[in-house]
There are 2 protein chains.
Amino acid sequence: MNTENKKVSIFALGGINEIGKNMYVIQSDDDIVVIDCGSKFPDETLLGIDLIIQDISYLLENADKVRALIVTHGHEDHIGGIPYFLKQLNIPIYATNLTLGLIEIKLKEHGLLRNTQLFLIDSESKLRLGTIKTSFFRVSHSIPDCLGVAFHTSQGTIVHTGDFKFDMTPVDEQNPDIHKMAELGQNGVLLLLSESTNAERPGSTPSERKIADHVEEAFRKAPRKIFISTFASNVHRVQTIVNAAIKTNRKLALLGRSMVNVVSVAMERGYLSIPEGMLVDQNEINTMNPENIVILCTGSQGEPMAALSRLASSSFRQVEVLPEDTVIFAAGPIPGNEKSITRIIDNLYTLGAHVIYGSGNVTGMHVSGHACQEELKLMLTLMKPKYFIPIHGEYRMLHHHQLLAESVGVERDNIFIIQNGDVVDIVNEEAIQTRSIEAGNVFVDGFGIGDVGEIILRDRKLLSEDGMLVIVTTLSKANGKIISGPDTISRGFVYGPESEALINEVNQNVRSTVSKTRDTNRNQRVLKQNIKKSLEKLLYSRTKRKPMILPIIIEV
Amino acid sequence: MNTENKKVSIFALGGINEIGKNMYVIQSDDDIVVIDCGSKFPDETLLGIDLIIQDISYLLENADKVRALIVTHGHEDHIGGIPYFLKQLNIPIYATNLTLGLIEIKLKEHGLLRNTQLFLIDSESKLRLGTIKTSFFRVSHSIPDCLGVAFHTSQGTIVHTGDFKFDMTPVDEQNPDIHKMAELGQNGVLLLLSESTNAERPGSTPSERKIADHVEEAFRKAPRKIFISTFASNVHRVQTIVNAAIKTNRKLALLGRSMVNVVSVAMERGYLSIPEGMLVDQNEINTMNPENIVILCTGSQGEPMAALSRLASSSFRQVEVLPEDTVIFAAGPIPGNEKSITRIIDNLYTLGAHVIYGSGNVTGMHVSGHACQEELKLMLTLMKPKYFIPIHGEYRMLHHHQLLAESVGVERDNIFIIQNGDVVDIVNEEAIQTRSIEAGNVFVDGFGIGDVGEIILRDRKLLSEDGMLVIVTTLSKANGKIISGPDTISRGFVYGPESEALINEVNQNVRSTVSKTRDTNRNQRVLKQNIKKSLEKLLYSRTKRKPMILPIIIEV
């Protein structure tokens, strides 16, 4: 292969030093291929933000070179950004059957389905995207139909694992393509990008199949209605729940929009088998014998608007959790969600329900979808790459993945711990990391994409802590004296009759500032600043709070 | 004993259905004794709130009957509310030596030390508080000098366990008074109040002593400086760290105000033994051989202002974490703190440090201070109470504690799962729960105690999500026409030149509302409402956001 003057570049626009908004990019001279386009949920410091997506400036500047978006699987952190991406750059999307189904739901919601080019691939597909040849291999994960990707470039083969575990006994019997992986490794992998989510965890992740017995046992013991909650996208687990319901002579109802959506896509496309007549409408639940119904619902992460949360607070319209009902959490808590989940558990116990929860080890109702250390080492061993970039994880996960790679023989100098935007260039089959391109967080707030920045967030933070105080004063243009006001409006700072004395003091303070300032300076900006400064001091000394102060001066 | 016409009442003013702000009350006719006075940290929904304390209206109404506050141990959730309590009701406080030392730090900060009556007790003390006779027994916990309390009342003996575990090999060799507990049980316990923190966890909590070997081993392996973080109040663990430092020929520096405070109180009062010359000032750290220093610091829970967080972000003035330094988390994460902690771990790895973290089982650097299921059953078995109230826990913990009590023979009907404020009355040695008194959360915000209520919090929430828009318009009193404005001020909603078109639209909308309203109604309140309604609709349709809208009308 002629590699002279050729260059292949690899970088991430999301997914490094974070869990979420995955996007990895391979560029071979004039051809760019994008892998995944996820979104990320904001943490509690990003007040009012709905979603975080990637900064794709680089792709927009090189729009003519971008050949395709390949989507490895249908989780939000891999598909959630697609509608926003397509509004900026309409490129063809390649994904497997179920993944396409889940993408289509999103595109419909955003009115984008008609103008998007969607291409169905499977693990046997081979694509030529510009000069980049692409092949695939099947991996196991907590959603069906997942792919790893191999890019056969001018510099050699670059492999992206997608999210994976090695489940040798998968529920759908679609085993990981371990022989293909071995073959890729045998033929030589120049660079491996492998996911790092569980790189801190020793051992191997148990098979999804392990869950079936636990679910069935819990169903057999349940005296009345069963509510069971899991990730809607975990179609394997939904199938396990369906099977246990069949065995225990129960029908199935679905609660929650995403559960209904995913189940219907998965059934249509043949990933989920539910016997005819087994699904009942939520309206029918109350007419049925409680011993003969399982209610599969969203909300295992404690999401306040999801079905389970509403059931726990008795605010679901048609269905109630009653004493002796059983509620099963068939999902582990995503870090950060623990408190919302325990609040729901507390409420469910208050309603008299039996609640089955706890980590996977305790209840056997959950296993991870990600490879633990022994599996990560297996992937590295199969691929035996010259170069390695740990992806898809926070820094400590990447760090531990690096140690694992070293332990199976990848040279330390050949491992790149990158940031989003850092570019690894491969020239003459040698990789170096010297440059960076623009990358970062773009905030979605309502219809706004990227318009909420640091200033707005800082103001929201100030307002959230101590509220605000608006002071309106009307002055005479002629002599600078107060004609009316000051009038004070508090929101989120103080309230009610108890604050009257303080508000009087505020107004007195403003009057005094107006008269003092009038003697020296008639500039309105100066007056406003003086009012603000003086009030800040007064209010802090009286309340130890720092409301946002907004002086408004009208001159007539 | 003559029990005729006598009544003993028991209730909680905090600590039930929550972890935090513990306060339990025993009333025997005209004598009231309060146990503990903790504070609680607000969750992320209570914007701007500093601390949560109890509603003590009942105690204020019955101030003449309140004989004493007994404090079982020196943790924040048992002492944090004391300054606020004393400002409302100045009653004598009884506590052990170390607990008093920690309370005194608080009283000094609030300028209350001189006017507070503090009484030193130990596990051998016997008090007569009005008609209530009180004795004590020693329990193990994650702070030294902890007590359980027995109240010998007209109705019988009521026992409050305090926070406890059964550590048979405690670091300070102060074993739990298991024989006293047995004796209490043998003589008859009418009612037991026992803590429930770990009631969900099977087995027993390991001894604090287990940690020593792990700490020493980690110290031996550390090539350069060691940073180790734990709860300042865990004096046993601090002693373990001191001992390991001695053995590995390292001196000790302290970082963080609470660490310095607690260590000095614990040394003064004989709970901590640090050889002379071993403590070095933080200024000396950089002058020392990195192999000969251990830095004990606050911040194991990821608190943003604590030492460890500032070290991790390289913003601590005199001390730096450098490559090959070792950082040890010798504390487990309190639920809800996981994300802040992992952010710090990521930063520490970025600095090149070795980081030792993870749950107690993984690193051996942490054990719980609370009894697990087997120990809770042991306490119940020792006390064999007729009646049982599980306390100190969220609902599911109380629920599991109830099941444990049933399993060792307490009758289901004799177990009371109460709410804060629910009263259990004992008359003729029979307990019933029929009434409630006022109880709830009081918010501390700056100097304000209880002045921040639902309206202020609701406004802060609105402001935090989408900010606000103030629109100022000056109208002619004569004809209602606009003289100047509308002028629009946005904070936390939109910002900068991109929002200009929207702001113009807003102003146009206000002009149109003013002119429409003028024709039908000249009432200013009506006009403001119309402006608000019309803008809400406009802004939501344009931005899908809901800022707080504050129309200001000046008439001249």
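Chain identifiers are assigned alphabetically (A, B, ...) following the order of the sequence lines, protein sequences preceding nucleic acid strands; residue numbering begins at 1 within each chain.
Of the possible polar contacts, one joining the A/Arg545 side chain to the B/Asp445 backbone as a donor-acceptor pair under 3.5 Å is found. Proximity of a side-chain donor or acceptor of A/Arg491 to a complementary backbone N or O of B/Asp459 within less than 3.5 Å is not detected.
For the pair B/Asp487 and A/Ile552, the minimum side-chain heavy-atom distance is 4.5 Å or more. Counting heavy atoms from C-beta outward, A/Glu394 and B/Thr342 have side chains that approach closer than 4.5 Å. In this structure the side chain of B/Ile554 reaches within 4.5 angstrom of the side chain of A/Val472, judged on heavy atoms. The shortest distance between side-chain heavy atoms of B/Asp346 and A/Asn17 does not fall below 4.5 Å.
Taking every heavy atom of both residues into account, A/Leu463 and B/Arg460 meet most closely at O-CG, 4.0 Å. Across every non-hydrogen atom of B/Ile456 and A/Phe493, the tightest pair is CD1-O, 3.5 Å. When all heavy atoms of A/Leu550 and B/Ile489 are compared, the closest pair comes out as CD2-CG2, 4.1 Å.
Atom OG1 in B/Thr350 sits 11.0 Å away from atom CZ in A/Arg396 (nearest 0.5 Å). To the nearest 0.5 angstrom, A/Glu44 atom CD is 6.5 Å from B/Ser340 atom OG. With values rounded to the nearest 0.5 angstrom, A/Asp43 atom CG is found 5.5 Å from B/Arg343 atom CZ.
With a 4.5 angstrom heavy-atom cutoff, A/Leu462 does not touch chain B via any of its atoms. Of the two parts of A/Arg542, only the backbone, made up of N, CA, C and O, holds a non-hydrogen atom closer than 4.5 Å to a non-hydrogen atom of chain B. Residue contact with chain B, scored on non-hydrogen atoms closer than 4.5 Å, involves the backbone of A/Thr543 exclusively. Residue A/Leu398 does not touch chain B at all, counting heavy-atom pairs closer than 4.5 Å. With a 4.5 Å cut-off on non-hydrogen atoms, A/Ser541 touches chain B through its backbone but not through its side chain.
Counting non-hydrogen atoms of neighbouring residues, nucleotides and ligands closer than 6.0 angstrom, the CZ atom of A/Arg201 reaches no more than 12 such neighbours. In the displayed structure, B/Lys87 atom NZ is contacted under 6.0 Å by more than 12 heavy atoms of other residues, nucleotides or ligands.
Heavy-atom pairs under 4.5 Å with chain B peak, among A/Ser464, A/Ser484, A/Ser490, at A/Ser464. Of the listed residues (A/Val452, A/Val494, A/Val556, A/Ile455), the one with the most heavy-atom contacts under 4.5 Å to chain B is A/Ile455. Listed options B/Ser499, B/Gly446, B/Pro202 were ranked by heavy-atom pairs under 4.5 angstrom with chain A; first place goes to B/Gly446. With chain A as the partner, the residue from B/Glu498, B/Arg458, B/His400, B/Met397 showing the most heavy-atom pairs under 4.5 Å is B/His400. For the options B/Gly48, B/Gly492, B/Gly336, heavy-atom pairs under 4.5 Å to chain A are most numerous at B/Gly492.
Using a 30° and 60° split on the angle between ring planes, A/Tyr349 and B/Tyr395 fall in the tilted class, from 30° to 60°.
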For a side chain to side chain donor-acceptor pair (under 3.5 Å) check, start with the C-alpha distance between A/Glu200 and B/Tyr357, then their side-chain angles and the critical distance, and finish with the verdict. CA-CA 11 Å; A/Glu200 295 169 287; B/Tyr357 62 99; 2.3 Å; yes
